[in-house]
Number of protein chains: 2
Amino acid sequence: GCHGSAATEAGVVELNPPRGTRDFPPEEMRLRTWLFDHFREVSRLMAFEEVDFPVLESEALFVRKAGEEITEQLYSFEDKGGRRVALRPEITPSLARLVIRRGTSAPLPLKWFTIGQCWRYERMTRGRRREHYQWNMDVFGVPGVRAEAELLQAIVLLFERLGVASSDVGIRLSSRKVLQVVLDMYSVPQHLFTKVCVIVDKLGKMSRDEIEKELVSTGLPCEAVQGIIDVLSLKSLSELEQVLGSGAAEAVADLKKLFSFAEQYGYADWICFDASVVRGLAYYTGIVFEAFDRQGELRAICGGGRYDRLLSTFGSEDVPACGFGFGDAVIVELLKEKGLLPHLSPQIDDIVFPLDDELQGPASCVASSLRKNGRSVDLVQDKRLKWVFKHAERVNASRLVLVGKSEWERGMVRVKILSTKEEFEVKAGELQ
Amino acid sequence: GCHGSAATEAGVVELNPPRGTRDFPPEEMRLRTWLFDHFREVSRLMAFEEVDFPVLESEALFVRKAGEEITEQLYSFEDKGGRRVALRPEITPSLARLVIRRGTSAPLPLKWFTIGQCWRYERMTRGRRREHYQWNMDVFGVPGVRAEAELLQAIVLLFERLGVASSDVGIRLSSRKVLQVVLDMYSVPQHLFTKVCVIVDKLGKMSRDEIEKELVSTGLPCEAVQGIIDVLSLKSLSELEQVLGSGAAEAVADLKKLFSFAEQYGYADWICFDASVVRGLAYYTGIVFEAFDRQGELRAICGGGRYDRLLSTFGSEDVPACGFGFGDAVIVELLKEKGLLPHLSPQIDDIVFPLDDELQGPASCVASSLRKNGRSVDLVQDKRLKWVFKHAERVNASRLVLVGKSEWERGMVRVKILSTKEEFEVKAGELQ
């Protein structure tokens, strides 16, 4: 549109949505609904139940001191009652909060999914969006990699439904236990684990030198820093075993079991081990993974992992948990690039049109009765017949129902099937 | 749950959602989805297209100086960049904003619906919620009451789908043009129209004396105040014509045409004229309506009206428009009271269960292939068979697929149909 903003009694009204946010006009909304329906259908196949949470949460739910980008860009503010609140940057803390609220009476495991809007606030204007929608699937109460195996199947089922192949997209996976082993080797204190993970995740966005400097500044000895950097370049489980020895037994066993599951589920082609995958969220403790485009042009399509110790940070007993977040932005970029975005037109069954102003009453009656039969009916008036035909094409209507004077006097309406151009008269009462 | 809040590194994490907001655990979410699906299905029958907007908008979009409750309770704040923003209290201004953005190239009429969360902030704690979801249907570009007639059919179609009868619920309607006529009779300046409407809407919540005082304080002469109060008690169009004479011709003609449409659509039983209906939003200009429970115990179930002059308050040319908002709170109260709330259980097709830990691989394979056939499959492990049967009942599963050692060696799985208790073996590869 050509409009930017306009002066009014209230000052200046911005006609665009707030910076970094989107309107969804019908054509954008059809695409969003199409994508979300796929999210929902995969969740149904996996037998996950849908849940939802307020988009506004107490700020404390998201405050963590590990230097994560997600908490540094918190869209937080003080409400009129002086409480610190935030537009959620992610949904996992809300999920954890609800698991705790339900208490021990709820039978585990819980398999939940949600699709919701998440927010961030950046001062810089890099043209990045401040909101996106995210599909989350989470499992609470399953300690073994069965849970991860299920989540990975969900992601692969989604890709397959969208027409994406394993030659387009892969899923890299690793375990944070690998880094834990390295830190243990150099007797690095436990409280540095999370910080190290968050720093290491920036590899790729920052230079290796900068990463090393940041690691050193947390108090890590140089050999530990070197050990960390070295282990991240490992690309196979056998290399991992060679370099880390028996210390890595648990991490390797998890990963081997997960790869074995992948064979059985039938998605082994999609996944690969990559020790450089760490993910940027502070709370992951075990397996971590991310889906990536094999051309290497896009950011991660989705990411997730195990977070067995999140609930205790909220003062509750821990429950083993893992999950992923799958945003609505990168996948749409990928589908666009691959020519996989569908052309979605409106779907209207019938257009009812009175040929004469006096026939508005009968047209109401016809439209009403078609709707009661389950037909989607657009009742048009005050237009020329030419406009109506053009409109019928635009909205992809299947029939045109014309209410004309001479027909109506005989209790009839004229029906035109738009795909075949077939035209006939029907008794108004018998029109289905 | 028994948990309230917990101390953490971040301070105190509140385990309940923020005051006045809701979590949607699976059972609440099923109900919400059920209701929203009805909203969407009715919108489809009426051939409206879905749109959506950011929940966060520029504050200026909602600031009006007419003393409306909705603007006095604006959940607004300053963002980190110093901009005044608000969690939207209603969706109509966003709709109008998008209509303006699309400009004159978009063919009119536009028939749009949306379902979104709306927010308010009250300092007082009256146990009222700070958020609710609202279904909006709006028509842009239709000047006559045809648009209102369509909106009323949508509301009635919804009630019928939910099992609500015209003996439970009615829709009161009037026109703001009635008040306009009274103000014109007493030569009240035009700029007071909106304020008068907003004050008069409080009748019922405030005493008649208080209303009269407020009207006088805007500068209205006492006879005008008396004229307003008198006209509000009129309950028929013929009374209205008698009292207001030819000045009310336009209002009466609109209402008569709308009642005549209602006969043709077949929902005349649901609607009645009631001059006391004014609605509390500043921008209504013509027909206004609200649905109410005939027992008179609940607040309005939904409300709407014509707002032909909203777009010019945003600096654009006006487009005739009308719409309604239908919240998720009062309708659920009504359905609960009438015993019309459905019992919604999860719907899972198959539970797959390996009888032996070694059979986790085969179980993965079975679950994966059922899911690829479109079945909703819950893969259970590390449980006793007794638990699995109980679980199957809880999630309303139709089949139990047991993967046992001796059967698997023969390439078979054991299937139990849970409704009939029928049990048989099937070749794993042939299970559908």
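Residue numbering restarts at 1 for every chain, and letters A, B, ... go by the order of the sequence lines.
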| field | Salt-bridge present (A/Asp23, B/Arg97; N to O < 4.0 Å) | value | yes
| query | Is there side-chain contact between A/Pro107 and B/Lys390, with heavy atoms separated by less than 4.5 Å? | reply | no
| query | If you look at every heavy atom in B/Arg101 and A/Asn16, which pair is closest and at what distance? | reply | NE-OD1, 3.2 Å
| message | Quick one: does any side-chain atom of B/Ser376 pair with a main-chain N or O of A/Arg44 as donor and acceptor, under 3.5 Å? | response | yes
| For chain B, which of A/Trp112, A/Phe48, A/Tyr267, A/Phe62 has the most heavy-atom pairs under 4.5 Å? | A/Trp112
| note | Heaviest contributor of heavy-atom pairs below 4.5 Å to chain B, chosen from A/Leu56, A/Asp378, A/Val55, is A/Leu56
| message | Please find the pair of heavy atoms, one from A/Leu108 and one from B/Lys383, that lie closest to each other, and give the distance. | response | O-NZ, 3.1 Å
| query | Would a 4.5 Å heavy-atom cut-off, applied to side chains only, mark B/Cys365 and A/Glu263 as touching? | reply | no
| query | Any idea which of A/Asp382, A/Ile351, A/Val51 has the most non-hydrogen atom pairs under 4.5 angstrom with chain B? | reply | A/Val51
| Is it the side chain or the backbone of A/Arg371 that comes within 4.5 Å of chain B heavy atoms, both, or neither? | both
| Residue A/Leu87 versus chain B: region with a heavy atom under 4.5 Å | side chain
| About how many Å separate CG of A/Leu45 and CD1 of B/Ile348, when rounded to the nearest 0.5 Å? | 11.5 Å
| task | Mind listing the closest non-hydrogen atom pair of A/Ser58 and B/Pro18 along with its distance? | result | N-CG, 3.8 Å
| said: Between B/Arg22 and A/Asp52, is the side-chain contact (heavy atoms from CB on, under 4.5 Å) condition met? List the steps. | reply: CA-CA 9 Å; B/Arg22 292 167 291 174; A/Asp52 197 20; over 6 Å; no
| task | State whether the side chain of A/Arg146 and the backbone N or O of B/Ser364 hold a donor-acceptor pair below 3.5 Å, judged by distance alone. | result | no
| Does any heavy atom of chain A fall under 4.5 Å from the side chain of B/Gln347, the backbone, both, or neither of them? | neither
| said: What I'd like to find out is whether the side chain of A/Phe24 reaches to under 4.5 Å of the side chain of B/Leu98, using heavy atoms alone. | reply: no
| request: Could you look at A/Glu28 and say if it's the side chain, the backbone, both or neither that has a heavy atom under 4.5 Å from chain B? | output: neither
| task | Step by step, work out the side-chain contact (heavy atoms from CB on, under 4.5 Å) result for A/Val85 and B/Phe77. | result | CA-CA 11 Å; A/Val85 290; B/Phe77 56 93; over 6 Å; no
| request: Please name the pair of heavy atoms, one in A/Glu49 and one in B/Pro346, separated by the smallest distance, quoted to 0.1 Å. | output: OE2-CG, 3.4 Å
| field | Shortest non-hydrogen contact between A/Arg102 and B/Pro26, atoms and distance | value | NH1-CD, 4.1 Å
| query | Is the shortest heavy-atom distance from the side chain of B/Met46 to the side chain of A/Val377 under 4.5 Å? | reply | no
| field | Pair B/Glu14 + A/Arg83: basic N to acidic O under 4.0 Å | value | no
| query | So, does B/Ser368 use its side chain to make a donor-acceptor pair with the main chain of A/Tyr265 at under 3.5 Å? | reply | yes
| said: Is there a side-chain contact between A/Thr21 and B/Phe53 in this structure, where contact means two heavy atoms from C-beta onward sitting under 4.5 Å apart? | reply: no
| field | Heavy-atom pairs under 4.5 Å with chain B, option from A/Glu57, A/Arg161, A/Gln153 with the top count | value | A/Gln153
| task | Considering only heavy atoms and a distance below 4.5 Å, find which of A/Gln360, A/Glu131, A/Arg375 pairs most often with chain B. | result | A/Gln360
| task | Report the option among B/Glu27, B/Met29, B/Arg32 that has the most heavy-atom pairs separated by less than 4.5 Å from atoms of chain A. | result | B/Met29
| request: Could you check which of B/Val395, B/Leu157, B/Asp79 has the highest count of heavy-atom pairs closer than 4.5 Å to chain A? | output: B/Asp79
| remark: Sorted by chain and residue number, the salt bridge (charged side-chain N to carboxylate O under 4.0 Å, His left out) partners of A/Arg40 (sequence neighbours excluded) come out as A/Glu50
| chain B: which of A/Lys111, A/Glu59, A/Glu160 shares the most heavy-atom pairs with it under 4.5 Å? | A/Lys111
| field | Atom group of B/Ser76 that falls short of 4.5 Å from chain A, counting heavy atoms | value | both
| task | Side chain from CB out, backbone as N, CA, C, O: work out which of these in A/Tyr121 comes under 4.5 Å of a heavy atom of chain B, or both, or neither. | result | side chain
| query | Side chain of B/Lys80, backbone of A/Glu122: donor and acceptor closer than 3.5 Å? | reply | no
| task | List for me each residue that meets side-chain contact (heavy atoms from CB on, under 4.5 Å) alongside A/Ser260, sequence neighbours excluded, and say none if there are none. | result | none
| request: Pick one of side chain, backbone, both or neither for A/Asp349, based on which atoms fall under 4.5 Å of a heavy atom in chain B. | output: side chain
